[in-house]
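Written below as structure tokens is the structure these notes are about.
Along the sequence shown, the residues carry numbers beginning at 1. For ligands, and for the atoms within them, numbers begin at 1 and follow the listed sequence.
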Amino acid sequence: MDVIYVDNNATTRVAPEVIEEMLPYFGDLYGNPSSMHTFGGTVGRKVREAREKVAHLIGALPEEIVFTGCGTESDNTAINAAIESNPGKKHIVATRVEHPAVKNLFEHLSKKGYRTTFIPVDHQGRLDIDALEKSLTDDTAIVSIMWANNETGVMFPIEEITQRVRERGIVFHTDAVQTVGKIPVDVKKAGVDMLSLSGHKIHAPKGIAALYVRKGVKFTPFLIGGHQERGRRGGTENVSSIIGMGKACELAVDHLKEQAGRVKTLRDRLESGLLKGTPKALINGDREHRLPNTTSISFEYVEGESILLMMDRLGICASSGSACTSGSLEPSHVLRAMGVPFTAAHGSIRFSLSVYNTEKEIDFIIKELPPIIAKLREISPFWKPEIPS
Ligand code: PLP
């Protein structure tokens with residue numbers, strides 16, 4: 001059975017070009033990039049090249065890139081750097097729809113005495129910017145707001161937000177783990193102080209990521225150790241993965257047009273095909289300001305997990321907007337923050353495409369999914385056929 005992979009916001013396949021670029025560094029080229037000898041120096045040069053490629057993708061300077069182990073580490077590093085560098089400030093701001101990499105750290109910090117504000121979103125997942133502005137005080141150490149949401153793909157107006165935060169002299173971090181590689185990102189234009197990105201979302205391997213730290217921003221390392229990453233992240237570099245991430249960023253530059261064109265067209269085709277084929281299906285989130293590859297669709301009166309299991313039998317890989325915690329199916333905090341009704345939040349499915357998807361795959365989903373929903377509704381205690389569409 002062929003796999004139809006439409007779960008690219010969870011992780012992506014490693015591009016063959018990336019694997020090819022990495023392989024020598026698992027074999028003959030095993031030197032330490034910090035070594036004085038030529039053998040290590042050759043590896044060091046490749047790491048420098050990779051740093052330049054990552055910087056180029058987001059309009060940064062190479063020395064503004066710190067390699068980390070994952071997007072979560074980048075987010076944690078940024079937030080910790082800001083609070084450690086501003087020890088007198090005890091207020092931190094994020095949104096209600098952040099990824100757990102930010103949300104759960106904020107909840108942890110609130111137990112340690114920090115005052116946290118989570119800015120609300122409206123029913124389309126759009127940020128209440130006035131509420132954000134009102135929340136800022138002289139005590140605010142950092143504002144951390146994601147650029148694009150991993151579940152709905154909804155994008156926040158980062159330039160506008162940054163401007164309002166930075167004119168107050170407050171450090172601004174954005175989690176751009178889902179944004180980089182899908183739309184053009186220019187850190188200088190966006191005016192952010194720090195930005196997180198992650199390799200496995202852009203066809204590099206898992207276990208490699210980066211944090212952009214604007215030159216001049218006060219920084220305290222999270223991992224304290226050797227001089228690597230200019231003293232900003234101790235530990236011998238994950239050389240092969242860094243080189244792979246460099247290659248993935250180079251490919252991402254080439255793929256940006258395809259994301260905005262072919263990938264978006266496929267996403268729109270999937271969306272309209274499924275909406276046409278299924279009554280009581282609705283899109284979650286602002287359709288205008290959205291990543292080109294993502295759609296979150298709620299199929300009312302069915303459970304997302306059941307849909308996923310039925311799709312899995314056909315080789316279709318997607319995600320649901322609920323998490324199975326201790327036996328109870330809790331709708332995601334993102335959909336809850338948007339006020340998506342219970343009957344819809346439970347039946348939400350996220351499809352996230354990549355440049356590797358084809359029209360044939362999308363048409364297969366459009367053909368196979370509506371009968372699955374119909375079958376599940378037949379056995380749903382909540383579904384009544386007379387419910388108007
Ligand atoms: N932030 C967002 C928006 C994400 O979607 C993810 C992963 O899904 C992360 C952070 C965490 O990245 P990583 O899996 O590399 O730790």
Is the number of heavy atoms from other residues, nucleotides or ligands within 6.0 Å of [atom1] ([X]) greater than 12?
| X | atom1 | result |
| --- | --- | --- |
| Tyr356 | OH | yes |
| Asp28 | CG | no |
| Glu288 | CD | no |

| Minimum heavy-atom distance between Phe118 and Lys103, given as atom pair plus value |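 Where Phe118 meets Lys103 most closely, the heavy atoms are CZ-O, 4.2 Å.
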| Pro205 pairs by side chain to side chain contact (heavy atoms under 4.5 Å, CB included) with which of Asn238, Val18, Thr11? |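 By the side chain to side chain contact (heavy atoms under 4.5 Å, CB included) criterion, Pro205 pairs with just one of Asn238, Val18, Thr11: Val18.
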| field | Phe106 ring center near Tyr114 ring center (under 6.0 Å) | value |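 Between Tyr114 and Phe106, which both carry aromatic rings, the centre distance is not below 6.0 Å.
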| field | Protein residues that have a heavy atom under 4.0 Å from any atom of ligand 1, sorted by chain and number | value |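 Near ligand 1, by chain and number: Cys70, Gly71, Thr72, Asp75, His99, Met146, Asn150, Asp175, Val177, Gln178, Ser198, His200, Lys201.
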